[in-house]
Amino acid sequence: MSELDVQIANRRQKRDEIAAAGVSVYPHRFEFDLEPSVVKAKYDDLSIEELEEKALRLRVPGRITAFRKQGKLVFADLHDGKDRLQLFLRKNAMSEQTWELLLQLDLGDVVGVEGQLMRTRMGELSLAGDRITILAKALRPLPEKWSGLKDVELRYRQRYLDLMSNTDSRRVFETRARIISGIRSFLDARGFLEVETPMMQAIAGGAAARPFVTHHNALGIDLYLRVAPELYLKRLLVGGIPRVYEINRNFRNEGISVQHNPEFTMLEFYWAYVDYRQLMDLTEELITGLAEDILGTTTLSWKGEELSLERPWKRYSMKQATVELGGVEPAAVESEERLLAELHARKLEVPKARTYGHLLAALFEATAEDELRGPVFLTDHPTDISPLSKQKPDDPRFTERFELYLGGMEIANAFSELNDPDVQTQRFREQMLAREAGDDEAHQVDHDYVRALEFGMPPAGGEGIGIDRLTMLFTGSPSIRDVILFPLLRPLPEGQTGDEWMVESED
RNA sequence: GGGACGUUAGCUCAGUUGGCAGAGCAGCGGACUUUUAAUCCGCGGGUCGGGGGUUCGAGGCCCUCACGUCCCA
C-alpha cells in the first residue's frame, strides 16, 4: 500500500465512523449566514470589546485548510477560496459528540461551523465554534499548505487543486471575469446589442485559420467549429442592428503555445457608420478604462517591464513599420520583385502565395513584429491578406485595417468592413486561388454572405479583441494556459492517471 | 517538426565522482486551553515517469517511449 493509499483509507474509515454515528457525511444543504471572506471583510475592523458587545452568532461554511491543535483547544482555518477565517474550538464549549467529530476531521473537509464571532488574545478575528456540521468529506489529501501546488501540469489538469491552494490563481480568474463584465458594460452603455451566433458553421469563414471539423448525424453533413463569428455578425448589420457584439469561443485547429490555445475567447463587435479610425479611439478608451477600473493604473507590468497605456498610442502602417522598425530600405517594400529579393537576401522563408501582400507581411513579421512592444496600432495591411477589409481610397494595394500590439502580442484586429458585394466576390475568388495554390488558411467562399451584402450593409467598423491575451497582460501571466481554467492538454496515457486505486475499490 | 530542460513520498524539494533513497509539510501514535508555516516526543510512508542497455553495482551514464515546460520553425 502506498502512502497515498494509506491516507485515503484513513479518511474513508473516518468517514464511515462518522456515518456510523448516524450523521450524514454528505448532507443536502447548510443554512448559513456568511462565507469566511465575507465575515473577514465585514467584521475585521471591530475591536474585541465591540465584538463582545455585539455577541454575533454566525453559521459559516468552508473548507478546513489548517489545524493548530493544542490539546483541549483547536485552532483551524476555514477557507472559501478567497480568504480564511480562524476557528477557535474549545472542548468545554461544545458537546462531546461535536468534539469527537472535530477530532475525526481532516484537512480538506468541507464543514459548516456555528458560533460566536470573537477576537483572540493575538487579535485575530475568529469564530468560537460550538457546533460543527460536516458537509463533505475530503478523501484525498490536499497539496502542501505553504508552497501550494506548483507542478504546472497538475495545476492545469487538476485546476480545482490549483484554485484551492493558490489564491493568486483565483485572482487571475476574477480579473478575467471583471474584464469581460467591464467590456459588456462599456459596450452596453454605448448601445451595442449582445448576440450569440453559430459556433457550428457549414462554412468556416471570417478568419484565416484551419477549422475543426465535426459531423451532424441527423442532417448527414459535416460542420466546422467557427474560427470567427464575423460573417454572422455582419449579417446582423445588414439586418439593421447597427451596433452588435459577441463574446464567446473561437476554435482554430492549430498549434498550442504560450499565446495559443485551440479554443479561445474573443470579443467581436461591429459599429455601423464609422471606420477604423474611430475604432482605434474606442479601443484606446476601452482598454485604458478597463485597466483603470480593474487595476487602478494604466501601467501594466509585463515580463519584468513596465508597459504604459498612456494615450495616444503609436500608429505605424505595416510598410512604415517594416522600414522604420525593421530596418528595411524604403524602396524594398514597394514591389513584389524587391520584396522577394529582400526575403532571399535575408535568407527568410518565402510564403507559398507570392503576392505583394503575403511577401510584405512575411518581411514585416521577420523584421519588425518583435519591435512592437506596444501599445502600437499596426495599420494598413495589404489587401490580399485582408479579404474582408475595405481598401484605402488612395492606394488599393492596402486596406483600412489595424492590429493592436501590446507587450509583443497581437491583441486586436479591426478594419473598415468591406461592404461592396462585387468586390467581396472578387476577394473570395482570390482566396480560392490562394487555397488552390496551397494556402490552407485561405478564406472559404460564403455565397450567402455575399447575398446579404447585396441587400446593402451600412459602412461599418468591426473589431475582434482576444480576451485571453488581454487577461494575460492584466494579470502578468506569461502563458495563455494560466488564464484559461482548463487549457487543452494531451490526455495521460492508460495507466498513468493516478486513479488506479478507484478501479480496485470497485469490487 | 527540431532543440534545451524537467519528471524522486500525497505536496514542495534535496540527492556530491556511479557505492545503504533523504528533508520539510501532510499522515499515524502521544503531550499540550490563545495558536496562526503552533511547539515537543515517537513512528510509518518510494514502480526514483515507463521500457531496454552499460556496469560487480544505476536516482545519477547510454538508448528509447510517454507526459510536461520553454525556445525555434
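A, B, ... follow the sequence lines: proteins, then strands. Residue 1 opens every chain.
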| request: May I have the distance from A/Glu3 (atom CD) to B/rU47 (atom C1'), rounded to whole angstrom? | output: 16 Å
| field | Pair partner, B/rG6 [Watson-Crick or wobble, under 3.5 Å] | value | B/rC67
| task | With heavy atoms under 4.0 Å as the rule, sort A/Ser126 into base, sugar-phosphate or nothing. | result | nothing
| Atom-pair distance (CZ on A/Phe75; P on B/rA38), nearest Å | 12 Å
| Heavy-atom check, side chain of A/Phe212 versus side chain of A/Glu263, under 4.5 Å | no
| query | Looking at A/Arg397 and A/Glu334, does any basic side-chain N land under 4.0 Å from a carboxylate oxygen? | reply | yes
| field | Residue whose closest nucleotide on RNA chain B lies nearer the 5' end, A/Ser257 versus A/Gly148 | value | A/Gly148
| field | Toward the 5' end of RNA chain B, by each residue's nearest nucleotide, A/Asp370 or A/Leu488 | value | A/Leu488
| said: Expressed as a whole number of angstroms, how long is the span from A/Arg155:CZ to B/rC11:C1'? | reply: 14 Å
| Nucleotide of B/rG68, B/rC25, B/rU33 approaching A/Glu144 most closely (side-chain heavy atoms) | B/rC25
| query | Hey, does the side chain of A/Arg490 come within less than 4.0 Å of B/rC67's phosphate (OP1/OP2), counting only N and O? | reply | yes
| note | Across every strand shown, the nucleotide meeting Watson-Crick or G-U wobble geometry with B/rG42 (both distances under 3.5 Å) is B/rC28
| request: Using both distances under 3.5 Å as the test, list the Watson-Crick or G-U wobble partner of B/rC56, or none. | output: B/rG19
| field | Nearest listed nucleotide, side chain of A/Glu124, among B/rU35, B/rG27, B/rA37 | value | B/rU35
| query | With a 3.5 Å cut-off and just heavy-atom distances, do the side chain of A/Asp77 and the base of B/rU36 make a donor-acceptor pair? | reply | no
| said: With a 4.0 Å limit, can you tell me whether A/Lys14 has a side-chain N or O closer than that to the phosphate oxygens OP1/OP2 of B/rC28? | reply: yes
| Starting at CD1 of A/Ile480 and ending at P of B/rU69, how long is that distance when rounded to a whole Å? | 13 Å
| Atom pair CZ/CG of A/Arg68 and A/Asp77 - distance to nearest 0.5 Å | 4.5 Å
| task | Would you mind telling me which of B/rC11, B/rU35, B/rG27 lies closest to the side-chain atoms of A/Gln86? | result | B/rU35
| What residue among A/Leu102, A/Leu87, A/Leu89 forms side-chain contact (heavy atoms from CB on, under 4.5 Å) with A/Phe67? | A/Leu102
| message | Contact list please: residues 159-167 of chain A against RNA chain B, heavy atoms, distance less than 4.0 Å, in numerical order. | response | none
| remark: Of the candidates B/rU36, B/rC11, B/rA26, the side chain of A/Thr120 sits closest to B/rU36
| For B/rG60, does the glycosidic angle fall within 90° of 0 (syn) or outside that (anti)? | syn
| query | Taking any strand in view, what nucleotide pairs with B/rA14 in a Watson-Crick or G-U wobble way, both distances under 3.5 Å? | reply | none
| Distance only, no hydrogens: is a donor on one side chain within 3.5 Å (strictly under) of an acceptor on the other, for A/Arg176 and A/Thr265? | yes
| request: Quick one: look up who B/rG1 pairs with, Watson-Crick or G-U, both distances under 3.5 Å, and put none if it's unpaired. | output: B/rC72
| Do A/Arg346 and A/Glu342 meet the salt-bridge criterion of a basic N to acidic O distance under 4.0 Å? | yes
| With distance as the sole criterion, do the side chain of A/Gln70 and the base of B/rU39 form a donor-acceptor contact below 3.5 Å? | no
| Is any side-chain N of the basic residue among A/Arg84 and A/Glu124 closer than 4.0 Å to the acidic one's carboxylate O? | yes
| request: Might you work through the side chain to side chain contact (heavy atoms under 4.5 Å, CB included) test for A/Val23 and A/Leu101, ending with a clear yes or no? | output: CA-CA 10 Å; A/Val23 177; A/Leu101 172 62; 5.6 Å; no
| said: Using the side-chain heavy atoms of A/Lys145, tell me which of these nucleotides is nearest: B/rU33, B/rA38, B/rG68. | reply: B/rA38
| request: Among the candidates B/rU33, B/rU12, B/rU36, find the nucleotide nearest to the side-chain atoms of A/Lys150. | output: B/rU12
